[in-house]
Amino acid sequence: MGDEVLVVFDAEDGAATRAQADASYKANRTEADHSPIQALAPLKQILDLAGVRWLETTGTEGDDVLATIAMRASAAGRPVVVLSGDRDLYSLLADPGVRILNPQAPPERQFITADTVLERYGVSADQWADFRALTGDPADNLPGVPGIGPVTAARLLAGGRRLEDLPLTTPGRLAKPLARTRACWDDVMRWRSLHRLNIALTCPNLLTGTATDELPAPAALMKGAGLW
């Protein structure tokens, strides 16, 4: 049996809900080059011509829509491969039925699993939002705790700790990082909330359980969309 392919897009107002919780969320993108958005309409037309279902949900970020669909498929016992280079999705790997494929990575590093996250970052996929709350995420304009990088964050979360499990104080080399974390505790908890994926959205269920038809030749799709 072949694969069922779905494509998810960010809604234009997708970041609004998280921005209400933190006005700085993705505020660094206001001056970004938005010209690629002009290609979305013909891209969606090409997907329609190819018989590939796609979804864009008003007021919702694509990550949350994708996460919801991925969890629905996994709960139905179907293996899931998420094609993305976005590390925000790593928390999905806590589900053993999910893998991520990053086509921009070298061939030997393209498939990412929960074991990959643990090996590279020293934390479990379950801890990913906690980890990113500490380290920050420049792409989303979330600064993280000053002076805490991936290594220190992994040490603070050692043994499967979540943020709530961190002690009030600790001796040794983690004393200062822990103190800095406590000094901006409310911010850290808010950043974690922003990093968490919503896996229970109310959105259309495009899963059919049947394989997507073999894709037509790219030239045929371009001609069909009037682009060539």
Side-chain angles (χ1 to χ4, degrees), residues 1-19 25-26 29-30 32-95 97-105 110-113 125 128 137 139-140 194-228:
M1 181 178 180
D3 298 320
E4 182 175 10
V5 179
L6 301 175
V7 176
V8 173
F9 292 97
D10 270 321
E12 186 174 351
D13 60 346
T17 299
R18 285 182 171 88
Y25 180 71
K26 292 189 176 180
R29 302 188 186 187
T30 55
D33 177 15
H34 297 291
S35 59
I37 294 176
Q38 299 173 5
L40 289 182
L43 175 57
K44 292 171 181 175
Q45 184 181 2
I46 286 174
L47 291 174
D48 289 337
L49 291 170
V52 175
R53 291 180 299 283
W54 57 269
L55 183 59
E56 179 180 316
T57 304
T58 300
T60 306
E61 293 196 65
D63 286 355
D64 294 320
V65 178
L66 194 157
T68 296
I69 294 174
M71 291 298 97
R72 286 176 183 172
S74 182
R78 302 177 63 186
V80 176
V81 176
V82 177
L83 182 66
S84 177
D86 189 346
R87 289 187 294 172
D88 288 346
L89 297 168
Y90 281 8
S91 61
L92 291 177
L93 298 172
D95 186 312
V98 178
R99 293 184 296 165
I100 291 175
L101 175 60
N102 179 5
Q104 298 175 328
Q110 288 185 346
F111 271 108
I112 302 162
T113 66
W128 189 248
D137 184 356
D140 288 344
L194 294 173
H195 277 294
R196 282 178 165 166
L197 297 171
N198 184 345
I199 62 172
L201 283 177
T202 300
C203 62
N205 187 1
L206 298 186
L207 296 171
T208 65
T210 58
T212 301
D213 292 337
E214 184 175 349
L215 299 180
L221 293 173
M222 296 288 283
K223 288 180 180 178
L227 299 175
W228 191 5

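Note on residues 47-91: pairs passing ring pair (Phe, Tyr, Trp, His ring centres under 6.0 Å), not counting sequence neighbours, are F9-W54, Y90-W128.
Of all heavy-atom pairs spanning M71 and V98, the tightest one is CE-CG2, 3.6 Å. Closest non-hydrogen pair, C203 versus V65, comes out as SG-CG1, 4.4 Å. Taking both residues in full, the closest heavy atoms of A70 and V80 are given as O-CG2, 3.6 Å, listed atom of the first, atom of the second, then distance. When all heavy atoms of P103 and L83 are compared, the closest pair comes out as CD-CD1, 3.5 Å. Scanning both residues, L227 and P42, for their nearest heavy atoms gives CD1-CB, 3.8 Å. Heavy atoms only, all atoms of each residue included: A94 and A125 are closest at N-CB, 3.4 Å.
At distances below 3.5 Å, at least one donor-acceptor pair connects side-chain atoms of N102 with backbone N or O atoms of Q104. Under a 3.5 Å cut-off, the side chain of D10 and the backbone N or O of G62 do form a donor-acceptor pair. Of the possible polar contacts, none joining the R78 side chain to the A73 backbone as a donor-acceptor pair under 3.5 Å is found. Between the side chain of Q110 and the backbone N or O of L101 there is no donor-acceptor pair closer than 3.5 Å. Using modelled atom types, no side-chain atom of N198 and backbone atom of D64 make a donor-acceptor pair closer than 3.5 Å. Proximity of a side-chain donor or acceptor of T68 to a complementary backbone N or O of L201 within less than 3.5 Å is detected.
The neighbour count for L206 CG, taken as heavy atoms of other residues, nucleotides or ligands under 6.0 Å away, is above 12.
For the atom pair CG (L43) and CG (D48), the distance works out to 9.5 Å, reported to the nearest 0.5 Å. Distance check: I199 CD1 to D95 CG gives 8.5 Å after rounding to the nearest 0.5 Å. For the atom pair CD of E61 and CG of L197, the computed distance is 9.5 Å after rounding to the nearest 0.5 Å.
Side-chain atoms of E4 and T208 form a donor-acceptor pair, as typed in the model, at a separation below 3.5 Å.
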Q.
Could you walk me through whether V82 and R99 satisfy the side chain to side chain contact (heavy atoms under 4.5 Å, CB included) test, starting with their C-alpha distance in whole Å, then the side-chain angles of each, then the deciding distance to 0.1 Å, before giving a yes or no?
A. CA-CA 6 Å; V82 177; R99 293 184 296 165; over 6 Å; no
Q: Evaluate the side chain to side chain contact (heavy atoms under 4.5 Å, CB included) criterion for residues E56 and E12: first the C-alpha distance (whole Å), next the side-chain angles of each, then the deciding distance (0.1 Å), finally the verdict.
A: CA-CA 9 Å; E56 179 180 316; E12 186 174 351; 5.6 Å; no
Q: Check step by step if side chain to side chain contact (heavy atoms under 4.5 Å, CB included) holds for L55 and L6.
A: CA-CA 8 Å; L55 183 59; L6 301 175; over 6 Å; no
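A 4.5 Å side-chain heavy-atom check between D88 and D137 finds at least one atom pair inside the cut-off. Contact of the T212 side chain with the D3 side chain is not registered, since no non-hydrogen atoms from C-beta on lie closer than 4.5 Å.
When T113, V81, L89 are each tested for a side-chain contact (heavy atoms from CB on, under 4.5 Å) with I100, only one passes: L89.
Salt bridge annotation for D63-R196: absent, with no cationic side-chain nitrogen under 4.0 angstrom from a carboxylate oxygen.
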